[in-house]
Amino acid sequence: MPKITPFQSIRPLPELAGRIAALPYDVYSREEALAEVKKEPLSFLKIDRAETQFPADMDMYAPEVYAKARELLDAMTADGSFIMEKTPCYYIYELTMNGRTQTGIAACSAVDDYQNDLIKKHENTREDKELDRIRHVDVTNAHTGPIFLVYRSRREINEIVNSQKERAPLYDFVSADGIAHKVWRVSDAETVSRMETLFAQIPCTYIADGHHRCASAVKVGLKRRQESPDFTGAEEYNRFLSVLFPDDQLFIMPYNRVVKDLNGLSPDDFIEAVRKAGFSIEYKGKEQIAPCRKGTFGMYLSGSWYLLAAGKALLSSDPVKGLDVSVLQDCLLSPVLGIKDPRTDKRIDFVGGIRGLDELERRVKTDMAAAFSMYATSIEELLSVADAGLLMPPKSTWFEPKLRSGLFIHRLS
């Protein structure tokens with residue numbers, strides 16, 4: 001059973017929490033990150049993306065950038081912007097978006113559980129993306145961005161969470177994107193012990209979002225074990241920061257696709273090739289298409305929208321091959337457009353569903369040839385893939401709302 005434990009968090013002063021809390025480092029381009037930090041100087045993004053503190057031509061992976069992140073974190077701790085809890089705690093973290101609420105528990109998860117597959121994955125990671133966060137975690141000596149984990153809902157845990165939410169929150173603010181955030185601290189010994197016992201009865205947890213951050217945190221922990229052969233397992237680097245949500249509260253948005261060219265085909269020839277590949281095509285003109293059922297896709301091409309439906313022969317009951325992202329990749333993007341590996345092919349890009357269909361139109365009008373809007377992968381599909389020990393194609397899920405960085409910080413030593 002996984003070890004999900006309380007921890008002594010470094011956290012913001014309540015009056016500063018709303019200004020410090022920031023979206024994850026990887027949802028911003030470099031230009032967007034710089035603009036965000038200029039707009040809010042206290043934003044935790046200046047620590048997660050410390051290249052914002054240097055000229056635009058500075059290598060964002062230079063050693064000086066990670067050293068600056070450590071310097072800024074230490075400075076905000078020294079000046080009292082961040083405070084250290086006196087005892088290990090759990091935290092109840094509630095996010096409300098468009099009237100829908102989901103509530104998780106901030107805690108530490110174990111490096112060994114990741115190694116032993118008690119924390120289940122559904123995506124591959126890329127080494128180049130891991131290296132950045134490995135350096136960031138190692139140099140700052142801290143986990144600054146929580147890993148978004150899922151567990152199968154348990155009534156007993158839900159009851160504790162609901163009872164804790166009857167108290168006054170520690171943090172209560174609305175971020176600039178309209179998401180309401182509330183946090184409650186769980187510090188009394190009896191409740192902490194009860195929660196730890198209940199979590200120990202859960203067979204496993206699942207990574208929802210943050211595969212690269214998780215892999216990076218684990219690799220730093222393993223690195224420090226190698227550097228300290230007499231480690232006991234009780235050191236803080238053997239754990240990493242996570243927020244765990246019950247599966248029945250989560251909302252997944254689609255992860256849409258845009259492609260650079262039509263593989264030498266004219267638009268008319270491309271449409272005919274899509275038909276021959278086994279898709280029906282319905283012309284929709286200016287009517288934007290957000291697919292409303294599995295096996296259907298929107299396509300934006302040459303200023304017009306089309307509704308695509310995969311023929312029966314293209315569908316599968318296999319946990320991975322049956323995913324809509326797999327159907328599109330295996331039956332259209334690969335055979336028709338020649339995009340064999342979406343992890344490395346520069347002719348494809350991915351657009352999170354939160355950016356909307358207007359963003360797909362904008363990309364096609366500026367730097368892309370066609371766009372595909374997807375029907376969202378379900379949480380049941382994600383868990384089924386992970387339970388089968390399989391992996392989804394890259395960019396299969398986009399979770400909203402995003403967890404904020406800077407609300408909880410876990411020191412490695």
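A distance-only check finds a donor-acceptor pair linking the side chain of Ser43 to the backbone of Leu45 [under 3.5 Å]. A donor-acceptor pair under 3.5 Å is absent between the side-chain atoms of Glu272 and the main chain of Asp269, judged by distance alone. Checking side-chain atoms of Ser373 against main-chain N and O of Ile289 turns up a donor-acceptor pair under 3.5 Å. One N or O on the side chain of Asn162 and one on the backbone of Asn158 form a donor-acceptor pair closer than 3.5 Å. A donor-acceptor contact shorter than 3.5 Å links the side chain of Ser378 to the backbone of Glu381. Between the side chain of Lys120 and the backbone N or O of Asp117, no donor-acceptor pair lies under 3.5 Å. Distance alone, capped at 3.5 Å, places no donor-acceptor pair between the Asp330 side chain and the Val327 backbone. In this structure a side-chain-to-backbone donor-acceptor pair under 3.5 Å is missing from Trp305 to Met299. Here the side chain of Asn116 pairs a donor or acceptor atom with the backbone of Asp112 at under 3.5 angstrom. A donor-acceptor pair is defined here as one N or O able to donate and one able to accept, closer than 3.5 Å; such a pair exists between the side chain of Arg49 and the backbone of Tyr25.
His212 is linked by a side chain to side chain donor-acceptor pair (under 3.5 Å) to nothing, counting only residues two or more places apart in sequence or in another chain. The side chain to side chain contact (heavy atoms under 4.5 Å, CB included) check on Thr191 picks up Ile160, Gln164, Val186, Asp188, Met195, with sequence neighbours excluded. Qualifying side chain to side chain donor-acceptor pair (under 3.5 Å) partners for Thr144, counting only residues two or more places apart in sequence or in other chains: Asp48. Contacts of Glu15 classified as side chain to side chain contact (heavy atoms under 4.5 Å, CB included), with partners at least two apart in sequence or in another chain: Leu13. The ring pair (Phe, Tyr, Trp, His ring centres under 6.0 Å) check on His122 picks up His211, with sequence neighbours excluded. By the ring pair (Phe, Tyr, Trp, His ring centres under 6.0 Å) test, Phe240 is found to be paired with no residue, residues two or more places apart in sequence or in another chain being considered. Scored by the side chain to side chain donor-acceptor pair (under 3.5 Å) test, Tyr300 finds no partners at all (sequence neighbours excluded). Tyr151 meets the ring pair (Phe, Tyr, Trp, His ring centres under 6.0 Å) test with Phe199; sequence neighbours excluded. The ring pair (Phe, Tyr, Trp, His ring centres under 6.0 Å) test applied to Phe270 returns no partner, not counting sequence neighbours.
Summarising the geometry, atom OG belonging to Ser109 is positioned 9.5 Å from atom CZ belonging to Arg239; distances are rounded to the nearest 0.5 Å. To the nearest 0.5 angstrom, Phe44 atom CZ is 4.0 Å from Ile409 atom CD1. Distance check, rounded to the nearest 0.5 Å: CD1 of Ile20 to NZ of Lys46 gives 8.0 Å. The NZ atom of Lys402 lies 9.0 Å from the CG atom of Leu23; values are rounded to the nearest 0.5 Å. For the atom pair NZ (Lys395) and CG (Asp349), the distance works out to 9.0 Å, reported to the nearest 0.5 Å. Between the OG atom in Ser280 and the CZ atom in Arg275 there is a gap of 9.0 Å [rounded to 0.5 Å].
Nearest heavy-atom pair, Ile47 versus Ala69, reported as atom, atom and distance to 0.1 Å: O-CB, 3.4 Å. Closest approach of Phe173 to Ala21, counting heavy atoms only: CZ-CB, 3.8 Å. When all heavy atoms are compared, the tightest approach of Pro291 to Phe297 is CG-CA, 3.7 Å. A pairwise comparison of heavy atoms in Ser187 and Cys89 identifies CB-SG, 3.7 Å as the closest pair. Residues Ala50 and Val65 share a closest heavy-atom pair of CB-O, 3.3 Å.
Residue Lys3 places its NZ atom among 12 or fewer non-hydrogen atoms of other residues, nucleotides or ligands, all under 6.0 Å distant.
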Test side-chain contact (heavy atoms from CB on, under 4.5 Å) applied to Ser81 and Leu16, step by step: CA-CA 7 Å; Ser81 299; Leu16 298 181; 4.0 Å; yes
Checking side-chain hydrogen bond (donor to acceptor under 3.5 Å, both in side chains) for the pair Ser304/Lys286: CA distance, chi angles, key distance, verdict? CA-CA 6 Å; Ser304 296; Lys286 300 300 181 184; 5.3 Å; no
Could you go through Asp138 and Tyr66, starting from their C-alpha distance and side-chain angles, then the distance that decides it, and tell me whether this counts as side-chain hydrogen bond (donor to acceptor under 3.5 Å, both in side chains)? CA-CA 9 Å; Asp138 204 22; Tyr66 301 103; over 6 Å; no
Begin from the C-alpha positions of Gln226 and Arg224 and carry the test side-chain hydrogen bond (donor to acceptor under 3.5 Å, both in side chains) through to its verdict. CA-CA 5 Å; Gln226 290 180 337; Arg224 295 204 175 186; over 6 Å; no
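Side-chain atoms of Asn141 and Ser413 include a donor-acceptor pair closer than 3.5 Å. A donor atom on one side chain and an acceptor atom on the other are not found under 3.5 Å apart for Glu236 and Gln8. Ser175 and His181 share a side-chain donor-acceptor pair at under 3.5 Å.
Annotation: cation-pi geometry satisfied between Lys121 and Tyr114 (NZ/CZ under 6.0 angstrom from ring centroid, within 45° of ring axis). In this structure, Arg411 is not positioned above the aromatic face of Tyr237 in the sense of NZ or CZ being under 6.0 Å from the six-membered ring centre and within 45° of the axis.
Listed by first and then second residue, the salt bridge (charged side-chain N to carboxylate O under 4.0 Å, His left out) pairs involving residues 296-310 amount to none (not counting sequence neighbours). Under the side-chain hydrogen bond (donor to acceptor under 3.5 Å, both in side chains) criterion, the residue pairs touching residues 249-263 are Asp261-Arg347, with sequence neighbours excluded.
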List the atom pairs, with distances to 0.1 Å, where a side-chain N or O of residues 306-322 and a protein N or O form a donor-acceptor pair under 3.5 Å, not counting sequence neighbours.
unit_1 : atom_1 : unit_2 : atom_2 : d
Ser316 : OG     : Asp318 : N      : 3.0
Asp318 : OD2    : Val320 : N      : 2.9
Asp318 : OD2    : Lys321 : N      : 2.9

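Between Phe245 and Phe148, the ring center distance clears the sub-6.0 Å criterion.
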